[in-house]
Visitor: 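Take a look at this one; I'll ask things after.
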Amino acid sequence: MIQAIRGTKDILPDTIDYWNYLEFTAKAVSESFGYKEIRTPIFEKTEVFSRGVGEGTDIVNKEMYTFADKGGESITLRPEKTAAIVRAIIQSSLYQQQPITRLWYFAPFFRYERPQKGRLRQFHQFGAECISSPYPESDVEVISLAVEYCKSLGIEDYKLLINSLGNEQSRIAYKEVLIKYLLENKDKLTADSQNRLEQNPLRVLDSKAEQDKAVVEGSPNILDSLDAESKLHFETVLSYLDKLGISYAIQPRLVRGLDYYSHTVFEFQHSSLGSQDSFGGGGRYNSLFSQLGGKETPAVGFAMGAERLMIILEAIGKLPQPEPVADYYLLAADSKFIPKAIEIASALRSKGKKVLTDLIRRSFKSQMRDAGKLNIPYVVIIAEDELSRDSLLLKNMLNGEQNEILIKEFLK
RNA sequence: GCGGCCUUAGCUCAGUCGGUAGAGCACCAGAUUGUGGCUCUGGUGGUCACGGGUUCAAAUCCCGUAGGUCGCCCCA
């Protein structure tokens, strides 16, 4: 048997309603903030991500689906959206045509990893980006969009962690004290973290290894290194969140795995996810545009993992009830009435109804069973007696009542 | 890339001491000829993941591979 690629999953009809629900809700919430959808190609030149996401990140180092196309060009299936969106905006000069660009997406992404709970090689994210504002209001807009989405889905018992990496000067200052501290404790760190110390020292803070945690415990706090501008930005974000009644926890060791963040970073966590407890995250990325060859442009965004949202919704019993596939089931009491059934079905559809007919010439009883099993609310029975009076039987499957009704009346 | 556990019908699983397979659910049909859900009866359905080895004989024992799952790393 030919199987789907490891780490990929078919979305079959039994779960498609859940996916549509996640996507339609994402669209509705995004539009309530005035965001427009953006779709970009699922693959890009590899440099979009290596330069955008950062050479020092795990995503670029070991998780990208990269291959050479027939022309020898290095192509990568997108592991995330932000770098691709920035590329698209620069290419189309979108950010030069309007003062603020607000975008959302719900799309598949690819990372080459061993699959586990809530982690696939092809996965889906809902995300939004707010481009061209350096002010805290845009950080807050993006966070509250994400919060509204959770609220719309009925997810309430999550944690929002927030931190600030500060502007570039603050980060340089912090890196200095951090590196100094880590070097003093280098021999207590895991080999992994000793490596990170060279490549991207901030990410040592992210380590989940017990051995590293002890060192990280005593590390200098990034918030102490923020300069006045960075501190003001962060405090303003927090005060807006307070005003909006959005609760959060400041987590000074939250740095996130992508290189492009500055100032505000945040992450959403939920306990139902096992060891992958984060289901969304984001932050400000003021330097990404210039890194990808565009005009320096402040921006902020977030992404949420659809598979993880699905796990949460299932755990808290908030998956939507699937709708019946049809409003009416056209039942031909005998094969000779099938043409009539098809005719009436067609007339109903042109009135905007969802209609099902039997296609395998089943018996009366069998069609009845079929309609019952599919939870279809009404069965239209076409049979000898009634047809001789130009009428049919309309049966309400919920209460079992049925009435004879003239076909002309029924189709009016 | 590494590790634990797992792989028998569409699904969830039994299968003893090695003797070439069963149940429940689902599906299909029927229960005085035109009525679903409940109940009863019957039926369809298996490359026992794949490849090799041991044996007279392998779903069962051994080796390998693939896949799943949960972790590690990291992330959504």
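In the text below, chain A, chain B and the rest are named by the order of the sequence lines, each starting its count at 1.
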Visitor: Go ahead and name the base partner of B:rG71; Watson-Crick or wobble counts if both distances stay under 3.5 Å, otherwise write none.
Guide: B:rC2
Visitor: Using a cut-off of strictly less than 4.0 Å, decide whether A:S366 has a side-chain nitrogen or oxygen near OP1 or OP2 of B:rA29.
Guide: yes
Visitor: Main chain of A:L189, side chain of A:Q194: is a donor-acceptor contact present, judged purely on distance under 3.5 Å?
Guide: yes
Visitor: Between B:rG46 and B:rC11, how far apart are the C1' atoms? Round to whole Å, please.
Guide: 14 Å
Visitor: Would you measure the distance from the C1' atom in B:rU55 across to the matching atom in B:rC61 and give it in whole Å?
Guide: 10 Å
Visitor: Looking for any heavy atom pair under 4.0 Å, which part of the strands does A:A371 touch: base, sugar-phosphate only, or nothing?
Guide: nothing
Visitor: Measuring centre to centre across the rings, with the benzene-like ring taken for any Trp, is A:F302 within less than 6.0 Å of A:F126?
Guide: yes
Visitor: Tell me the partner of B:rU60, counting only Watson-Crick (N1-N3 plus N6-O4 or O6-N4) or G-U wobble (N1-O2 and O6-N3) with both under 3.5 Å; none if nothing fits.
Guide: none
Visitor: Under 4.0 Å between a side-chain N/O of A:R362 and OP1 or OP2 of B:rC28, yes or no?
Guide: yes
Visitor: Picking from B:rG34, B:rG1, B:rG67, which would you name as closest to the side chain of A:Q3?
Guide: B:rG67
Visitor: Do you see a donor-acceptor pair shorter than 3.5 Å between the side chains of A:Y378 and A:D327?
Guide: no
Visitor: Which is true for A:D385 with a 4.0 Å heavy-atom rule: it touches a base, it touches only sugar-phosphate, or it touches nothing?
Guide: base
Visitor: Answer yes or no on whether A:R121 is positioned over the face of A:Y112, meaning its NZ or CZ is under 6.0 Å from the six-membered ring centre and within 45° of the axis.
Guide: yes
Visitor: Considering only the P atoms, how many Å lie between B:rG36 and B:rC6, rounded to the nearest integer?
Guide: 47 Å
Visitor: Less than 6.0 angstrom separating the ring centers of A:Y285 and A:Y261, yes or no?
Guide: no
Visitor: How do A:F279 and A:G7 order along RNA chain B: which one's closest nucleotide is nearer the 5' end?
Guide: A:G7
Visitor: Please figure out whether A:T8 or A:E307 has its closest RNA chain B nucleotide nearer the 5' end.
Guide: A:T8
Visitor: So if I take every side-chain heavy atom of A:Q125 and compare against B:rU69, B:rA29, B:rA76, which nucleotide ends up nearest?
Guide: B:rA76
Visitor: Under the 5.5 Å and 30° test, is A:F109 stacked on the base of B:rA76?
Guide: no
Visitor: Are OP1 or OP2 of B:rG30 and a side-chain N or O of A:S363 less than 4.0 angstrom apart?
Guide: yes
Visitor: Measure distances between side-chain N and O atoms of A:E113 and base N and O atoms of B:rA76, and say whether any donor-acceptor pair falls under 3.5 Å.
Guide: yes
Visitor: Base, sugar-phosphate, or nothing for A:K9, non-hydrogen atoms under 4.0 angstrom?
Guide: sugar-phosphate
Visitor: In whole Å, what separates the C1' atom of B:rC72 from that of B:rG15?
Guide: 36 Å
Visitor: If the P atom of B:rA9 is compared with that of B:rU60, how far apart are they to the nearest Å?
Guide: 15 Å
Visitor: Just the rounded figure in Å: distance from P of B:rA76 to CZ of A:F268.
Guide: 13 Å
Visitor: Counting only Watson-Crick or G-U wobble pairs whose two distances fall under 3.5 Å, which nucleotide matches B:rG42?
Guide: B:rC28
Visitor: Would you measure the distance from the P atom in B:rG64 across to the matching atom in B:rC2 and give it in whole Å?
Guide: 14 Å
Visitor: Out of A:S133, A:S138, A:S164, which one pairs with A:R284 under the side chain to side chain donor-acceptor pair (under 3.5 Å) rule?
Guide: A:S138
Visitor: For B:rC75, does OP1 or OP2 lie under 4.0 Å from any side-chain N or O of A:R203?
Guide: yes
Visitor: Can you find a donor-acceptor N/O pair under 3.5 angstrom joining the side chain of A:K365 to the base of B:rU35?
Guide: no
Visitor: Confirm from the modelled atom types if A:R6 and B:rA66 form a donor-acceptor pair under 3.5 Å, side chain to base only.
Guide: no
Visitor: Taking only the P atom of each, what is the distance from B:rC48 to B:rA58 in whole angstrom?
Guide: 12 Å
Visitor: The side chain of A:R308 lies closest to which of these nucleotides: B:rU69, B:rA76, B:rG71?
Guide: B:rA76
Visitor: Nearest whole angstrom, please: distance from the P of B:rU35 to the CE of A:M368.
Guide: 9 Å
Visitor: Using the P atom in both, what is the distance from B:rU8 to B:rG68, to the nearest Å?
Guide: 14 Å
Visitor: Under 4.0 Å between any heavy atoms, over every strand shown, what does A:L331 touch: base, sugar-phosphate, or nothing? Just pick one.
Guide: nothing
Visitor: Under 4.0 Å, heavy atoms only, any strand: does A:K373 hit a base, just the sugar-phosphate, or nothing?
Guide: sugar-phosphate
Visitor: Would you please indicate yes or no on a ring centroid separation below 6.0 angstrom for A:F289 and A:Y95?
Guide: yes
Visitor: Assess whether one donor atom and one acceptor atom, taken from the side chain of A:R114 and the base of B:rG3, lie less than 3.5 Å apart.
Guide: yes
Visitor: NA contact type, A:L393, heavy-atom cut-off 4.0 Å: base, sugar-phosphate, or nothing?
Guide: base
Visitor: Classify the side chain of A:E386 and the base of B:rG34 as holding, or not holding, a donor-acceptor pair under 3.5 Å.
Guide: yes
Visitor: In whole Å, what is the span from the CZ atom of A:R119 to the P atom of B:rG68?
Guide: 14 Å
Visitor: Is the shortest side-chain N/O distance from A:R256 to OP1 or OP2 of B:rA76 below 4.0 Å?
Guide: yes
Visitor: Is there a Watson-Crick or G-U wobble partner for B:rU7 with both distances under 3.5 Å, and if so, which one is it?
Guide: B:rA66
Visitor: Do A:T40 and A:K81 pass the side chain to side chain donor-acceptor pair (under 3.5 Å) test, and can you show the C-alpha distance, the side-chain angles, and the key distance before you say yes or no?
Guide: CA-CA 9 Å; A:T40 64; A:K81 189 79 162 188; 3.1 Å; yes
Visitor: With a cut-off of less than 4.0 Å, is there a side-chain N or O of A:K117 near OP1 or OP2 of B:rA76?
Guide: no
Visitor: Between the base of B:rU35 and the side chain of A:Q402, is one N or O donor paired with an acceptor at under 3.5 angstrom?
Guide: yes
